[in-house]
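To find a chain, count down the sequence lines: A is the first, B the second, and so on, and within it residues start at 1.
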There are 2 protein chains.
Amino acid sequence: MTTAQHTSKLTARGAATRTRIVTATADLVRKHGAAGTSLDEVMAASRTSKSQLYHYFTNKEDLLRAAAWQQTDRIMATQRPELDQLDSLAGLRRWRDKFVAARDEAQNVGGCPLGSLASELADGDPQTRDVLQKCFTAWASPLLMGLTAMRDQGQLRPDADPEALAEAIMAALQGGLLLSKTYRSSRPLARALDMAIDHVASFATVR
Amino acid sequence: MTTAQHTSKLTARGAATRTRIVTATADLVRKHGAAGTSLDEVMAASRTSKSQLYHYFTNKEDLLRAAAWQQTDRIMATQRPELDQLDSLAGLRRWRDKFVAARDEAQNVGGCPLGSLASELADGDPQTRDVLQKCFTAWASPLLMGLTAMRDQGQLRPDADPEALAEAIMAALQGGLLLSKTYRSSRPLARALDMAIDHVASFATVR
DNA sequence: CCTAGTCTGGACTAGTCAGTCCAGCTTGCG
DNA sequence: CGCAAGCTGGACTGACTAGTCCAGACTAGG
């Protein structure tokens, strides 16, 4: 969650400033992308100066990595409590419904903040790619937990692979969000998630 | 395919230059993204000058739209002949296999050129979003044709919705590509496409 | 209260960016 | 052959970029 070189030695004031910077960055990146966000804008939005940015982060990439972490935290916070009840088909459907409703509320503007970031940065430096991997894995972990529980409880057949299912759901989610953003409609997302949940259901023991 | 203001009045030499510019742009954008591609780089790669860029395109966005079209053409050309034989589960699987193999050959570097472009530009001006929509629709159309044929031939149940299926497959594809790029592995793409094809298979009349 | 380390403001650099402009070249066509 | 229109080279502008640097303010701990 922290940026290597700042795990220690942080005053209360310093910590607050750092958070302010990261939050402002995450906001701006969500709206205009990583390349579309300048440090000057971050400074203005967080009421800080250049020296502060470079005091807490080694460079822009470093700041973007921190923003990716925060974005992941935010996403997961937004999806509580549904994210903790993914251990049944009904739970998965509730999660889906909330997600689709949220997209419609946002009028399908802007895709997945994490997905956009990944699309833009995953081909860049390995350190950033590593963070993005961990973010996706963290986000998918409640999904993985739920599916594993379903299998262990006998709701899913023993040959169901929770990891594969979770990864496929995540792919459907990301792709659905991208198309929804492009078509300015939640329909592609809804269809993708329905497909994914049907896929899970195809491993159900009771029909 | 052309850019509104240049549908006519194009010498052979002019047309060649224009193509050179678009091709260079598409190449660069595939590698470094839209924001990561400067007009100076386009000039160098296409051996042209600023005045030429602005002679054939009104601005960078306009050029990017043309590049999106070309990218779509390229994708579809690359996937022939598999793209014309998506009218059976076996055909879908052949398409899937070719796709996954191609990603592995590229060592899972770079995602879908069209997907990246959409992720970057879909929130921008409506004209560009419109082009991106048309590109996705064009790419999905062989899929839609194949699925429709399957239903009409009785391979799929009458309640199968080819449009919904095609859109869900496309979402799985895009999401799979994004995760594959992030994890530098074709596994997420393979799992996503397998799920999508299983989903089609769940509407099959014979099992 | 003192001082070392943390934190901050902001000027500055050197480079890059999209877009403009004009003068001169080439080519299709009458 | 001539001329109008298409085409090209490249200098130029003004805005914006990430990153550097230093002087000074704050603050925790002794």
Side-chain angles (χ1 to χ4, degrees), chain A residues 2-25 28-29 31-67 117 120-121 124-125 127-128, chain B residues 2-25 28-29 31-67 117 120-121 124-125 127-128:
Chain A
T2 40
T3 319
Q5 60 269 48
H6 279 100
T7 36
S8 55
K9 310 244 191 168
L10 258 192
T11 308
R13 184 169 62 135
T17 304
R18 191 182 185 282
T19 305
R20 213 160 6 107
I21 294 172
V22 176
T23 302
T25 306
L28 288 165
V29 164
K31 286 183 212 149
H32 312 120
T37 299
S38 75
L39 298 185
D40 287 350
E41 291 172 303
V42 172
M43 282 164 55
S46 60
R47 288 161 293 122
T48 51
S49 64
K50 265 285 166 66
S51 55
Q52 288 172 283
L53 260 52
Y54 283 89
H55 181 69
Y56 297 103
F57 306 95
T58 64
N59 53 30
K60 191 181 177 182
E61 281 267 335
D62 190 28
L63 174 56
L64 289 173
R65 281 192 289 270
L117 218 42
E120 216 170 335
L121 304 176
D125 84 56
Q127 214 180 332
T128 304
Chain B
T2 41
T3 318
Q5 60 270 47
H6 278 101
T7 38
S8 57
K9 312 246 193 165
L10 258 192
T11 310
R13 183 169 63 134
T17 303
R18 191 182 185 282
T19 306
R20 212 158 8 105
I21 294 172
V22 176
T23 302
T25 306
L28 289 166
V29 164
K31 285 183 213 147
H32 312 120
T37 299
S38 74
L39 297 184
D40 287 349
E41 290 172 304
V42 172
M43 283 163 56
S46 61
R47 288 161 294 121
T48 51
S49 63
K50 265 285 167 65
S51 57
Q52 288 171 284
L53 260 52
Y54 282 88
H55 181 69
Y56 296 102
F57 306 94
T58 63
N59 53 31
K60 191 183 177 181
E61 280 267 335
D62 190 29
L63 173 55
L64 289 173
R65 282 192 288 270
L117 219 42
E120 219 170 333
L121 304 178
D125 82 57
Q127 214 180 331
T128 303

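- For B:S51, the side-chain hydrogen bond (donor to acceptor under 3.5 Å, both in side chains) criterion is met by B:S49, not counting sequence neighbours.
- The residue among A:N59 and B:R20 whose nearest nucleotide of DNA chain D lies closer to the 5′ end is B:R20.
- Counting to the nearest Å, the P atom of D:dT8 and the NE2 atom of B:H55 are 7 Å from each other.
- Contact check of residues 31-39 of chain B against DNA chain D (heavy atom, cut-off under 4.0 Å) returns no residues at all.
- Side chain to side chain, B:R20 and B:T23 fail the donor-acceptor criterion of an N or O pair below 3.5 Å.
- Considering only side-chain atoms of A:Q52, the nucleotide from C:dT8, C:dC7, D:dC7 that sits closest is C:dT8.
- Per the geometry, CG belonging to A:L10 stands 16 Å off P belonging to C:dG5, to the nearest Å.
- In this view, A:K50 and A:L39, A:D40, A:M43, A:Y54 satisfy the side-chain contact (heavy atoms from CB on, under 4.5 Å) rule, not counting sequence neighbours.
- With contacts defined as side-chain heavy-atom distances shorter than 4.5 Å, the pair A:L53/A:I21 qualifies.
- Rounded to a whole Å, the CG atom of B:D62 is 10 Å from the P atom of C:dG19.
- Residue B:T17 has a polar side-chain atom (N or O) positioned under 4.0 Å from OP1 or OP2 of D:dT8.
- Look at NZ on A:K60: it is 15 Å from P on D:dC16, rounded to the nearest Å.
- The separation between A:L53 atom CG and D:dT17 atom P is 13 Å, rounded to whole Å.
- Minimum heavy-atom separation, A:A67 to A:T25: CB-CG2, 3.9 Å.
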Given protein heavy atoms under 4.0 Å, the one-letter contact record of nucleotides 21-30 of chain C, with B base, S sugar-phosphate only and - none, is simply B----SSS--
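- As a whole-Å value, the separation of A:R47 CZ from C:dG9 P is 10 Å.
- The distance between atom CZ of B:F57 and atom P of C:dG19, rounded to the nearest whole Å, is 13 Å.
- The two residues B:T37 and B:G33 come nearest to each other via the heavy atoms OG1-O, 2.7 Å.
- In this structure, NE2 on A:H55 lies 12.5 Å from OG1 on A:T48, to the nearest 0.5 angstrom.
- B:A45 meets the side-chain contact (heavy atoms from CB on, under 4.5 Å) test with B:A24, B:L28; sequence neighbours excluded.
- The distance between atom CD of A:E41 and atom P of D:dC16, rounded to the nearest whole Å, is 10 Å.
- Partners of B:E61 according to the salt bridge (charged side-chain N to carboxylate O under 4.0 Å, His left out) rule, which considers only residues two or more places apart in sequence or in another chain, are B:R65.
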